[in-house]
Number of protein chains: 2
Amino acid sequence: MVTLTRSEEDHLKAVYALLQDGESAFTKDIAARLNTKASSVTDMLKKLAEKGFLKHEPYYGAKLTAKGTAHALTLVRKHRLWETFLVERLSFGWDEVHEVAEQLEHISSPKLVDRLDDYLGNPRFDPHGDPIPDRQGKLRVRKTKRLDTCTTGDTVRIAAVSETTDGLLRLLDSKGLRIGSVLTVQELHAFDGSMDVKPKSGAAFSLSKDVSHHLQVESN
Amino acid sequence: MVTLTRSEEDHLKAVYALLQDGESAFTKDIAARLNTKASSVTDMLKKLAEKGFLKHEPYYGAKLTAKGTAHALTLVRKHRLWETFLVERLSFGWDEVHEVAEQLEHISSPKLVDRLDDYLGNPRFDPHGDPIPDRQGKLRVRKTKRLDTCTTGDTVRIAAVSETTDGLLRLLDSKGLRIGSVLTVQELHAFDGSMDVKPKSGAAFSLSKDVSHHLQVESN
DNA sequence: AATAAATATTAGACGAGACTAATAATCGGA
DNA sequence: TCCGATTATTAGTCTCGTCTAATATTTATT
Ligand SMILES: [Mn+2]
Ligand SMILES: [Mn+2]
Ligand SMILES: [Mn+2]
Ligand SMILES: [Mn+2]
């Protein structure tokens, strides 16, 4: 087995993440995600392609090979398990774990991840509601939709937060929203895309498009 | 605060470790410890000296500054806390943790270490019997002696294993020896430096000099 | 269809961290 | 005390990961 550097792994993970939304992962998007420059990304894509983790079609982005997907899934698994550990066991806030997990996901030990998984009771979802790939790299996908695609009258449960920037998470905290919270859409404002929602208990409030766009919900 | 790279931290830790035995840490010993070349070490010593972590007297080795000692102690603290976590919580063997801790000690998070410390119940010693520096970097030293300096009739308790190579640890396992085991020295063999010892319960057996040299013991 | 804008790649540079080979300093034994 | 062995440093090279600037390609707009 080839071992990848931290930077290679971060690029691989970025490609994986971008492929969740689109057909292909593009240089500029990878660069944006990793706070780096397009030229650096091109170099990395070449290298990862050479090592067989992805196919790079110059000017048309990158797609993962089976090998690349498998490795990306181990990273996602580690990342989410560590986040779960930090929140469940070390009392971190869900807005405080991303950076650390970004480091911890690169720790390479055959035993560590699986032991951690067992220790945590084989959790299915991380603190942000994202599914944790199992030992075999299998990822249980739920059918969720974005809150901003819901319409008046829908009652839904928050399943996941798809962007884990601390600002968003703290905003949700301040509104009392968390994974599992149940909301009813009361009104949509076409002007700014904001929506008024009413939690199960408590007064209704407004959510901007920026927020509702990043909330994955499932029907209640 | 300056942040150090993994390699810089490993060099710093090597210097710290070597200073426990000697007045000064020498290039070749650091190189041996890190499986690298003397010339690489010289470069690193220069860099660490420039950053104020140590004093490098060319041809006469290195000594840590207060800043260097403080940082080394945070690394030792992290290393030993992670080892404790792996053994106590994830059921790793004491011979399986060093490599992983060697990686984990470089994870940089203001919160993580202290939370982990609390989570583990603020342990005083790691799985190899080595003391864990506290939050302030204070290290409680015990007065121990090496088993190979004991004489016939001495009854002692194993306090620590000073070399954590898996081979040694597994050998100890196979003889039923662990931290806290109580032994009586029965006979010394000048020829090869081996000694016969009798555990509290069970038959006496022999320990080579190589082994007894690395066992730190305290009077029972 | 022509051209401007956006995106991507290539070329060339740089610093970090490693190495080998050459040189220098120190140490230890005769 | 001298000389060879040991240890250390310096000089020069290499790879890796990043950057900027120059160039190329694709895409969007008129
Ligand atoms: Mn990462
Ligand atoms: Mn997450
Ligand atoms: Mn290390
Ligand atoms: Mn230890």
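All chains are named by letter (A, B, ...) in the order of the sequence lines, taking the proteins before the strands, and each is independently numbered beginning at 1. Everything numeric here is computed off the predicted structure, so don't read it as measured data.
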*Asks:* Could you tell me whether the side chain of T42(B) has a donor or acceptor atom within less than 3.5 Å of a complementary atom in the base of dT10(D)?
*Replies:*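 It does not, because no donor-acceptor pair links the side chain of T42(B) to the base of dT10(D) below 3.5 Å.
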*Asks:* Among the candidates dT9(C), dT20(D), dT20(C), find the nucleotide nearest to the side-chain atoms of K37(B).
*Replies:*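 Nearest to the side chain of K37(B) among the choices is dT20(C).
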*Asks:* Could you check how far CZ of F26(A) sits from C1' of dA6(C), rounded to whole Å?
*Replies:*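 So the CZ-C1' distance, F26(A) to dA6(C), works out to 13 Å.
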*Asks:* Need one value for S7(A): base, sugar-phosphate or nothing, where a base atom within 4.0 Å counts as base even if backbone is also close, heavy atoms only.
*Replies:*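 It contacts sugar-phosphate atoms only.
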*Asks:* Could you give the NE2-to-P distance, from H11(A) to dC16(D), as a whole number of Å?
*Replies:*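 Distance, rounded to whole Å: 15 Å.
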*Asks:* Could you check how far CG of L48(A) sits from C1' of dC16(D), rounded to whole Å?
*Replies:*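 So the two atoms are 13 Å apart, to the nearest Å.
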*Asks:* Do the side-chain N or O atoms of H56(B) get closer than 4.0 angstrom to the phosphate oxygens (OP1, OP2) of dA8(D)?
*Replies:*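 No, H56(B) has no side-chain N/O under 4.0 Å of OP1/OP2 on dA8(D).
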*Asks:* Reckon S40(A) touches a base, only the sugar-phosphate, or nothing at all at heavy-atom distances under 4.0 Å?
*Replies:*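 Answer is base: heavy atoms of S40(A) come under 4.0 Å of a base.
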*Asks:* Rounded off to whole Å, could you give me the CG-to-P distance for the D43(A) and dT15(D) pair?
*Replies:*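 Atom CG in D43(A) sits about 15 Å away from atom P in dT15(D).
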*Asks:* Taking D192(A) first and then K209(A), would you say they form a salt bridge - that is, a charged N and a carboxylate O separated by under 4.0 Å?
*Replies:*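 A salt bridge is absent here (no side-chain N lies under 4.0 Å from a carboxylate O).
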*Asks:* Return the orientation label for the W94(A) and H128(A) ring planes: parallel under 30°, perpendicular over 60°, tilted otherwise.
*Replies:*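 W94(A) vs H128(A) ring planes: parallel.
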*Asks:* Between atom OH in Y59(A) and atom C1' in dT9(C), what is the gap in whole Å?
*Replies:*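 In whole Å, dT9(C) C1' and Y59(A) OH are 4 Å from each other.
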*Asks:* Could you check which of dT26(C), dT10(D), dT7(C) has an atom nearest any side-chain atom of K28(A)?
*Replies:*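 The nucleotide sitting nearest to the side chain is dT7(C).
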*Asks:* Does the pair D114(B)/R77(B) count as a salt bridge with the N-to-O cut at 4.0 Å?
*Replies:*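 A salt bridge is present here (some side-chain N lies under 4.0 Å from a carboxylate O).
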*Asks:* Just to confirm, is there a sub-4.0 Å distance from OP1 or OP2 of dC16(D) to any side-chain nitrogen or oxygen of T5(A)?
*Replies:*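 No, no such contact exists.
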*Asks:* Could you tell me how the ring of H71(A) sits relative to the ring of F53(A): parallel (under 30°), tilted (30 to 60°) or perpendicular (over 60°)?
*Replies:*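 Correct class here is perpendicular.
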*Asks:* Return the value, rounded to whole Å, for the distance between atom CG of L4(B) and atom P of dA16(C).
*Replies:*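 To the nearest whole Å, that distance equals 13 Å.
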*Asks:* What's the closest nucleotide to the T27(B) side chain, out of dT10(C), dA8(C), dA8(D)?
*Replies:*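 Given the options dT10(C), dA8(C), dA8(D), the side chain of T27(B) is closest to dA8(D).
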*Asks:* Given dA18(C), dT10(C), dT9(D), which nucleotide is nearest the side-chain atoms of S39(B)?
*Replies:*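 Among the listed nucleotides, the one closest to the side chain of S39(B) is dT9(D).
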*Asks:* Do R80(B) and E105(B) have side chains that get closer than 4.5 Å, going by heavy atoms?
*Replies:*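 R80(B) vs E105(B): side chains apart.
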*Asks:* Rounded to the nearest Å, what distance is computed from the OH atom of residue Y60(B) to the P atom of nucleotide dA8(D)?
*Replies:*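 The answer, rounded to whole Å, is 11 Å.
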*Asks:* Mind calculating the distance between CD1 (I30(A)) and C1' (dT18(D)) to the nearest angstrom?
*Replies:*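 Value for this atom pair: 16 Å.
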*Asks:* Is any side-chain N or O of K46(B) closer than 4.0 Å to OP1 or OP2 of dT10(D)?
*Replies:*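 Checking dT10(D) against K46(B), a side-chain N or O does come within under 4.0 Å of OP1 or OP2.
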